[in-house]
2 protein chains.
Amino acid sequence: MTGFMFSEAANVTERRQQPPALAISTVIFALRPSASSGRPVLWLPLVRRIREPFRDHWALPGGPLTQAESLQDAAARNLQETTGLVPKYLEQLYAFGGLHRSPGQRVVSIAYWALVQPTEAALAEESINVKWFRADKLQQLAFDHNEIVNYALWRLRNKMTYGTIAYHLLGEKFTLAQVREVYEAVLDRALDPANFRRQLTADRQIEATGEYLQGGKHRPPRLYRYTGALAADKYDNFDDDDLDGKAAAVP
Amino acid sequence: MTGFMFSEAANVTERRQQPPALAISTVIFALRPSASSGRPVLWLPLVRRIREPFRDHWALPGGPLTQAESLQDAAARNLQETTGLVPKYLEQLYAFGGLHRSPGQRVVSIAYWALVQPTEAALAEESINVKWFRADKLQQLAFDHNEIVNYALWRLRNKMTYGTIAYHLLGEKFTLAQVREVYEAVLDRALDPANFRRQLTADRQIEATGEYLQGGKHRPPRLYRYTGALAADKYDNFDDDDLDGKAAAVP
DNA sequence: TTAGTTCAGGTCATCATGACTGTAACTCTT
DNA sequence: AAGAGTTACAGTCATGATGACCTGAACTAA
């Protein structure tokens, strides 16, 4: 034992009265049809801070962790309070615990990211304190929330390239072009329609319904269905911990 | 504003006296030459619990988060106290926050995983309260630490297949066979020597020194050097947070 | 000298991918 | 009604990565 842990003994009393606070923040992603092209674009809701620090800056929805709920539940509740919707996907992102993240009391934030499918009403219903922003062009946010959003975006794009999260952003039936548009919106680049189609049709977890999508200004595309299991965050609702840190002294 | 957050007002006082405790636990991996074959095998150090709950069970090294250090620093210090070594690699794994992880007070554990290169002395120097175990055959650990170890192992193997962490477990100069043995030890399967060589030699970040490793019972292999940058955990020492959860009320 | 070992460089078939072409099927315009 | 415009759908071709396998080189040990 090095004694390092108590090297700032003068602060111990103050620390015990003010332990690090635990908060949950969530990056919420949703697709919204572009006004011009009609193709989906990635958006996220932010909340306006009504107190110092960073008063009137935009920030991620979040709040303190209450004793009664798990981390995942806290994130889901927060999300529901912000968007009024149940998340299609929710995954833990990272625990941010730098010493000076927040002026004043130290705060450790456990960040989550989520996918939602907002109704038209939920997207339109903005207040002065909650607003939707395009994920790709964000202004300066409160605290380090820009970094959190960028990390979440990176994770989302990663999962999109070799995963099945795209189907969390689609309905039960969809055309292959709609799937491609989801990919293009998230990855922010055009994909070759023919090659994309080849990959999806090689996937046995996607099967064609007999139906076709009518109403377009061109040849009606087939409607498909995703038959595989949709992934969920594996690591939650775990039970364990270790508090007797002193037993960890070196052999 | 829903007021949901304070819907259990009766418990607020109790909660404020016992907020969720924050702890850091670390899964520490090291390679150790097999007694029989001499090839490296994956090991990790565990500590014996000296108190209830799970008294006399083996557990991950860890301890409470003090006010004065970042999450990463807390993990690094803990690791140093356990193995006596400086980590070659340290990365945040996951925040475990289930309601009943620990009997009694609620605890949220932020888990890290690390790679170390222990000296012979550090590996041999076991006490009654700290012991090295093979990563692939673990007994039942305290709390949910088996799941944490398994998750860390999964992450390690993932990073090994498409990353550069292997070089954190090697010295400055190494033979290609030694790199392959590291991969085989972590992934727990044999790799084709010729194909493995082809991949590594195609990597421009690996260059041959002029030297050869002498002393083997066969043709002396070349010694190589890794010239690329070794990855570190990107997301640490961040500064931000959001406490005013009430601003997150739905529009 | 010979056997045993690993090192090192190579071939071959297979598969995934990006770039690209052509035809089918529908709507809209004139 | 004919043609233009658009997308759906099916296919080709070259390329690169990969797994399986082969051969000779260079060293040690018997």
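Nothing here was measured: the structure is a model prediction, and the numbers come from that model. Letters go in sequence order (proteins before strands), and every chain restarts at 1.
- Aromatic rings of A:Trp113 and A:Tyr151 (six-membered ring for Trp) have centroids beyond the 6.0 Å cut-off, not under it.
- A straight line from CG of B:Asn195 to C1' of D:dG16 spans 15 Å, rounded to a whole angstrom.
- Going from atom CZ of A:Arg197 over to atom P of D:dG11 covers 12 Å, rounded to whole Å.
- One donor-acceptor pair, N or O on each side, does fall under 3.5 Å between the base of C:dC7 and the side chain of B:Arg219.
- Contacts of B:Gln199 with the nucleic acid, taken as non-hydrogen atoms under 4.0 Å apart, involve only primed sugar atoms and P, OP1 or OP2.
- For the residue pair A:Arg155/A:Asn158, the side-chain donor-acceptor check at 3.5 Å is not satisfied.
- Using a 4.0 Å cut-off between charged nitrogen and carboxylate oxygen, B:Arg222 and B:Glu211 do not count as a salt-bridge pair.
- Salt-bridge annotation for B:Glu184 and B:Arg39: present, with a side-chain N of the basic residue lying under 4.0 Å from a carboxylate O of the acidic one.
- Atom CG of B:Asp203 is separated from atom P of D:dT18 by 12 Å (rounded to the nearest Å).
- What separates CD of A:Glu211 from C1' of D:dA8 is a distance of 17 Å, to the nearest Å.
- With DNA chain D read from its 5' end, the first of the two nearest nucleotides for A:Ala194 and A:Lys217 is the one closest to A:Lys217.
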Steps toward side-chain hydrogen bond (donor to acceptor under 3.5 Å, both in side chains) verdict (A:Tyr226, A:Gln205): CA-CA 6 Å; A:Tyr226 183 73; A:Gln205 297 186 305; 3.2 Å; yes

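- Listed pair B:Arg198 / D:dT18 fails the phosphate criterion, with no side-chain N or O lying under 4.0 Å from OP1 or OP2.
- If you take CD of A:Gln214 and P of D:dT7, they are 17 Å apart, rounded to a whole angstrom.
- Rounded to a whole Å, the NE2 atom of A:His218 is 14 Å from the C1' atom of C:dA24.
- Nearest-nucleotide assignment on DNA chain C puts the 5′-proximal partner with B:Pro220, out of B:Pro220 and A:Gly216.
- One can place OH of B:Tyr162 at 18 Å from C1' of D:dT18, the figure rounded to the nearest angstrom.
- Within the 4.0 Å cut-off from OP1 or OP2 of C:dG9, at least one side-chain nitrogen or oxygen of B:Arg222 is found.
- Remark: P of D:dT18 and CG of B:Asp192 are 13 Å apart, rounded to the nearest angstrom.
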